[in-house]
Protein chains: 2
Amino acid sequence: METRELRYFIAVAEELHFGRAAERLGIAQPPLSRAIQRLERRLGAKLLERTSRAVTLTEAGSVLLREGRAALDAVDAADRRTRRAALAAPGHPGLVLVTKAGATTELLSKLLDAYAAEPGAVAVDVLLCGPGEQERVLRDGRADVGLLHLPFDSIAGFDTEELRTETQVAVLPAGHPLTERAHLRMADVTALPGLPLPRWPRLDGTYPDGPGPEVRDHVQLLQLITLGRATAVLPESCRPHLGEGLVAVPVLDAPPVTTVIAWPPHSRSLALAGLIRVAVRL
Amino acid sequence: METRELRYFIAVAEELHFGRAAERLGIAQPPLSRAIQRLERRLGAKLLERTSRAVTLTEAGSVLLREGRAALDAVDAADRRTRRAALAAPGHPGLVLVTKAGATTELLSKLLDAYAAEPGAVAVDVLLCGPGEQERVLRDGRADVGLLHLPFDSIAGFDTEELRTETQVAVLPAGHPLTERAHLRMADVTALPGLPLPRWPRLDGTYPDGPGPEVRDHVQLLQLITLGRATAVLPESCRPHLGEGLVAVPVLDAPPVTTVIAWPPHSRSLALAGLIRVAVRL
DNA sequence: CGCGGCGATACCGCGCGGGTATCGTTCCAG
DNA sequence: CTGGAACGATACCCGCGCGGTATCGCCGCG
């Protein structure tokens with residue numbers, strides 16, 4: 001199976017429409033039809049059920065969609081990591097670290113400082129991305145190592161080391177009655193009249209339905225809270241970044257947040273090993 | 001990057017010799033040379049250092065070798081799992097479970113029986129293979145799920161659930177002086193005069209150097225111990241299989257052995273989920 | 001019933017993958 | 001010092017596969 005065939009199949013499986021898939025791939029429709037037929041013949045498996053009105057995935061087709069995406073990610077990762085290894089000075093391949101935009105910068109900067117002080121440290125690029133994207137970025141080679149946050153991120157398929165665990169706090173506008181309390185419970189926070197929890201974008205950029213305002217990043221979020229339009233439950237390490245007008249109150253029954261350092265299991269370069277060693281010692 | 005290019009590069013990187021690599025690939029040497037050149041040009045990376053006497057990997061080349069193997073495994077996995085999904089009756093894709101040949105069959109048969117009794121259970125094929133091969137088999141799609149044994153097997157890159165932990169025992173020929181003891185320590189067992197620990201084959205089929213006899217499987221091993229030519233430290237679940245002439249003595253400081261059920265993190269078919277649920281409940 | 005949308009088929013050209021022959025370099029034997 | 005052997009690169013040729021355009025066959029709908 002060639003990667004081109006995989007890309008073609010995935011395009012069709014996602015669009016469920018040969019014409020649109022061909023357009024997305026930048027080729028004409030007939031070669032695409034033939035490529036899929038050839039792929040089906042070679043695999044000995046019917047991947048798509050087509051009538052002249054609709055295209056649907058078969059059982060085998062949905063298996064190939066899932067497995068094929070993972071395979072393409074792995075191929076892309078090989079490509080990207082090889083290019084990066086070639087760009088860097090010999091013996092000094094740079095590392096790319098990915099973390100959630102807006103997550104605590106304090107742990108990260110401590111890590112980067114400590115690692116930079118190590119003998120033989122290499123340049124570390126930091127890549128910030130939205131929630132849920134990090135796993136993808138780590139899998140397809142855009143990054144070599146990441147800081148993930150359990151239980152929000154999935155660490156399926158990565159090697160990890162736990163770095164630290166922290167409790168969560170409710171962030172409220174100053175002067176709100178609940179700020180008088182020493183601690184809260186989730187039930188106190190989830191249904192505050194006039195102070196809904198915000199809605200974060202899903203992976204495809206759309207927002208779930210609900211009462212809260214749509215937010216894209218933490219700056220937006222904190223501003224909305226200051227304005228008395230929302231509230232949020234965040235890891236306690238956000239405290240130093242809360243400016244005037246924001247108060248944090250511990251939420252006793254919010255799940256603890258664990259920060260882990262994660263990396264693809266087969267990539268064991270010296271530089272990466274060094275960074276991980278420093279992180280664990282922090 | 002096409003999978004053919006990857007296969008070609010990996011062959012050369014492993015043989016470090018264009019002629020032999022071409023032979024292995026079943027093509028002539030000149031097209032192989034050209035393919036590698038084109039790959040290097042497209043990646044913008046020098047992968048191999050060649051003189052007319054020797055071929056060596058560059059830094060970027062060894063990155064591509066490592067990442068490329070993982071990528072090819074993922075592509076092969078997509079291929080194999082799609083074929084299997086197509087063969088099975090619709091809605092009932094069979095599962096392939098891999099475990100170490102000679103490992104305890106008792107847990108496995110309990111698992112298979114319990115799962116077969118579930119509503120909606122699908123056929124489960126069992127694949128036995130040598131130590132260390134299971135991870136590969138699980139990664140390249142020959143199996144969907146496996147029983148691995150920590151700390152011997154690596155679970156890097158898989159999702160796992162622990163099934164049970166057991167202590168280890170020394171297996172000795174009946175009548176050996178140590179069989180009088182209620183328990184032993186590793187130091188007692190490792191340096192027994194005339195009773196060396198056996199040598200298992202490595203992944204490439206060769207054996208490490210040492211005094212012990214070469215063994216390929218557990219039948220061989222137990223026979224050698226019965227004959228008074230070797231000893232071994234095994235999980236205590238081996239006890240029911242020890243026939244006449246073999247005695248097991250607990251080894252207090254041997255590392256405990258944990259049996260885990262492991263599966264590739266992105267494969268979440270209904271059938272697999274059912275098997276895992278049954279395993280965890282056992 | 002005719003039109004439009006969609007996937008399949010027919011046919012064509014060219015570029016790429018693969019083959020054979022040969023070259024250039026380097027090491028080594030005599 | 002020199003000729004041969006080993007090895008990767010280059011030159012050149014062929015055929016197939018990939019991609020393109022034109023068109024067909026099927027089906028739902030106005």
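First the proteins, then the strands, lettered A, B, ... as listed; each starts at 1.
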Please tell me if the side chains of [X] and [Y] come closer than 4.5 Å, counting only heavy atoms from C-beta onward.
{"X": "A/L65", "Y": "A/F9", "value": "yes"}
{"X": "A/E118", "Y": "A/V278", "value": "yes"}
{"X": "B/V126", "Y": "B/L112", "value": "yes"}
{"X": "A/I10", "Y": "A/E15", "value": "no"}

Is the phosphate of [N], meaning OP1 or OP2, less than 4.0 Å from a side-chain N or O of [X]?
{"X": "B/R34", "N": "C/dG19", "value": "no"}
{"X": "A/S33", "N": "C/dG7", "value": "no"}
{"X": "B/Q37", "N": "D/dT10", "value": "yes"}

Counting side-chain heavy atoms from CB outward, which of [options] is closest to [X]?
{"X": "A/H17", "options": "C/dC6, D/dG8, C/dG19", "answer": "C/dC6"}
{"X": "B/Y8", "options": "C/dT20, C/dG18, D/dT21", "answer": "C/dG18"}
{"X": "B/R50", "options": "D/dG19, D/dA9, C/dG7", "answer": "D/dA9"}
{"X": "B/P30", "options": "C/dA8, D/dT10, D/dG8", "answer": "D/dT10"}

- Message: Applying the side-chain contact (heavy atoms from CB on, under 4.5 Å) criterion to A/I261, which one of A/V145, A/D159, A/T160 satisfies it?
- Response: A/V145
- Starting from the 5' end of DNA chain D, give me the residue, A/L32 or B/G19, whose nearest nucleotide shows up first. B/G19
- Message: Over all strands shown, is B/R38 touching base, sugar-phosphate only, or nothing at heavy-atom distances under 4.0 angstrom?
- Response: sugar-phosphate
- At under 4.0 Å between heavy atoms, what does B/Q29 touch on the DNA or RNA strands: base, sugar-phosphate, or nothing? base
- Task: Tell me yes or no: between the side chains of A/S33 and A/Q37, is some donor less than 3.5 Å from an acceptor?
- Result: no
- Would B/T3 and A/E2 count as having a side-chain donor-acceptor pair, cut-off 3.5 Å? yes
- Atom CG of B/L270: over 12 foreign heavy atoms under 6.0 Å: no
Rounded to the nearest Å, what distance is computed from the [atom1] atom of residue [X] to the [atom2] atom of nucleotide [N]?
{"X": "B/I36", "N": "C/dG17", "atom1": "CD1", "atom2": "P", "value": "12 Å"}
{"X": "A/E15", "N": "C/dC6", "atom1": "CD", "atom2": "P", "value": "12 Å"}
{"X": "B/I27", "N": "D/dC16", "atom1": "CD1", "atom2": "P", "value": "18 Å"}
{"X": "B/E2", "N": "C/dG17", "atom1": "CD", "atom2": "P", "value": "9 Å"}
{"X": "A/R41", "N": "D/dC18", "atom1": "CZ", "atom2": "P", "value": "10 Å"}
{"X": "B/E5", "N": "C/dG17", "atom1": "CD", "atom2": "P", "value": "7 Å"}
{"X": "A/E49", "N": "D/dC26", "atom1": "CD", "atom2": "P", "value": "18 Å"}
{"X": "B/E23", "N": "C/dG18", "atom1": "CD", "atom2": "C1'", "value": "17 Å"}

Please tabulate, one pair per line, each protein N/O and nucleotide N/O from nucleotides 27-30 of chain D that are separated by under 3.5 Å, including the distance.
| residue | atom | partner | partner atom | Å |
| --- | --- | --- | --- | --- |
| D/dC27 | O4' | A/S52 | OG | 3.0 |

